[in-house]
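These notes are about the structure you will find just below.
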Amino acid sequence: DREDELDRERKLFINKLAQQNDRIRLDIELRKQELEKLKEGRKKEFQAVERKAREELGAAPTEMIQDHRAQLLAIDEQMASEQANTEQYRSQEEQQARVMFDRTEQIKRNEMERRRAMAAENIARIRQEVAVKVKAAEAEWQVKAAKWLAIGRRKVQVKKKEDEEAKA
């Protein structure tokens with residue numbers, strides 16, 4: 001019954017972690033989509049600027065193209081680093097939650113075991129006390145029974161003797 005309760009608590013904890021992980025994955029995916037849209041917007045913006053420069057200058061300046069590529073790469077790096085940081089944070093939080101849950105569960109299990117041991121000790125003590133009382137009562141009864149038996153035997157012997165004397 002307490003074991004069932006601990007099992008229910010563990011299942012709830014695991015479900016809670018799964019929900020949190022799903023929520024974080026969703027957040028990561030939404031942020032990734034947001035940065036992808038930003039990247040696409042910038043890419044179109046850069047293409048328009050480069051097209052305009054080509055029309056005006058005949059060719060887009062290399063520095064401009066390199067700068068645009070660097071900005072797009074920076075967005076890619078930001079996506080990767082945010083995802084890695086978020087996943088690392090989630091992993092650390094999950095690990096801490098598991099450690100705390102395991103500690104709490106172990107404390108509860110230790111308490112259950114301690115109570116079982118105490119109950120076993122109490123049962124053994126009570127059985128011992130009952131056995132002592134029963135043995136004492138039984139010994140007293142045996143002494144009384146032995147006395148009654150001795151008295152009964154003497155009475156039978158006396159009666160036999162009286163019967164023999166009466167016959168004689």
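Along the sequence shown, residues carry numbers from 1.
Residues passing the salt bridge (charged side-chain N to carboxylate O under 4.0 Å, His left out) test with E87, sequence neighbours excluded: none. With sequence neighbours left out, E56 forms a salt bridge (charged side-chain N to carboxylate O under 4.0 Å, His left out) with no residue at all. R69 pairs by the salt bridge (charged side-chain N to carboxylate O under 4.0 Å, His left out) definition with nothing, not counting sequence neighbours. Scanning for salt bridge (charged side-chain N to carboxylate O under 4.0 Å, His left out) contacts around R153 gives an empty result, with sequence neighbours left out. Take Y89 and apply the ring pair (Phe, Tyr, Trp, His ring centres under 6.0 Å) test, not counting sequence neighbours, and it matches no residue.
In this structure, K44 NZ and R42 CZ are separated by 14.5 Å, a value rounded to the nearest 0.5 Å. To the nearest 0.5 angstrom, K32 atom NZ is 14.5 Å from D27 atom CG. Put simply, CD on E50 and CD1 on I65 are 5.0 Å apart, with the number rounded to the nearest 0.5 Å. Residue L72 holds its CG atom at 9.5 Å from CG of D67, rounded to the nearest 0.5 Å. Expressed to the nearest 0.5 Å, how far CZ of R116 lies from CZ of R2 amounts to 10.0 Å.
Ionic pairing of D22 and R25 is present here: one or more N-O contacts between side-chain nitrogen and carboxylate oxygen are shorter than 4.0 angstrom. Salt-bridge check for D163 with K159: passed, with a basic side-chain N closer than 4.0 Å to an acidic carboxylate O. A salt bridge links E9 and K108; the closest N-O separation between the charged side-chain nitrogens and carboxylate oxygens is under 4.0 Å. The pair E55-R51 does not count as a salt bridge, with every side-chain nitrogen at least 4.0 angstrom from each carboxylate oxygen. Taking a cutoff of 4.0 Å between a charged side-chain nitrogen and a carboxylate oxygen, E111 and R114 qualify as a salt bridge. Using a 4.0 Å cut-off between charged side-chain N and carboxylate O, R90 and E94 make a salt bridge. Classification of D102 and R10 as a salt-bridged pair holds, one side-chain N sitting under 4.0 Å from a carboxylate O. A salt bridge links E129 with R125; the closest basic N to acidic carboxylate O contact falls under 4.0 Å. Between E40 and K37 there is no salt bridge, since none of the side-chain N atoms of the basic residue sits less than 4.0 Å from a carboxylate O of the acidic one. Between R109 and E113 there is no salt bridge, since none of the side-chain N atoms of the basic residue sits less than 4.0 Å from a carboxylate O of the acidic one.
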Using distance only, find each side-chain donor-acceptor pair of residues 132-148 under 3.5 Å and give its atom names and separation, not counting sequence neighbours.
none

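No more than 12 heavy atoms of other residues, nucleotides or ligands sit less than 6.0 Å from atom CD of E63. Residue M64 qualifies as enclosed at atom CE: its count of foreign heavy atoms under 6.0 Å is above 12.
At least one side-chain heavy atom of I24 sits less than 4.5 Å from a side-chain heavy atom of I28. In this structure, the side chains of M112 and L6 come closer than 4.5 Å at one or more pairs of heavy atoms. Side-chain contact check for E93 versus Q20: every heavy-atom pair is 4.5 Å or farther apart. The closest side-chain heavy-atom distance from L38 to E34 is not below 4.5 Å. Residues Q88 and Q92 meet the side-chain proximity criterion, which asks for heavy atoms closer than 4.5 Å. The side-chain heavy atoms of Q71 and F46, taken from C-beta on, include a pair separated by under 4.5 Å. Proximity of P61 to L57: side-chain heavy atoms (C-beta onward) are separated by under 4.5 Å at one or more points. The shortest distance between side-chain heavy atoms of I151 and K155 falls below 4.5 Å.
In this structure, a donor-acceptor pair under 3.5 Å is present between the side chains of E82 and Q78. Under 3.5 Å, the side chains of N110 and Q106 contain a donor-acceptor pair of N or O atoms.
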One pair to check against side-chain hydrogen bond (donor to acceptor under 3.5 Å, both in side chains): N15 and Q19. What are the steps and the verdict?
CA-CA 6 Å; N15 286 339; Q19 288 174 351; over 6 Å; no
F13/E105 under side chain to side chain contact (heavy atoms under 4.5 Å, CB included): CA gap, chis, key distance, verdict
CA-CA 11 Å; F13 175 74; E105 186 178 51; over 6 Å; no
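The side-chain contact (heavy atoms from CB on, under 4.5 Å) test with I75 singles out one residue from K43, K39, E36, and that residue is K39.
L17 and F101 fall within a single hydrophobic cluster, where Ile, Leu, Val, Met, Phe, Trp and Tyr side chains are chained together by heavy-atom contacts under 4.5 Å.
R54 and A60 get closest at one heavy-atom pair: CG-N, 3.4 Å.
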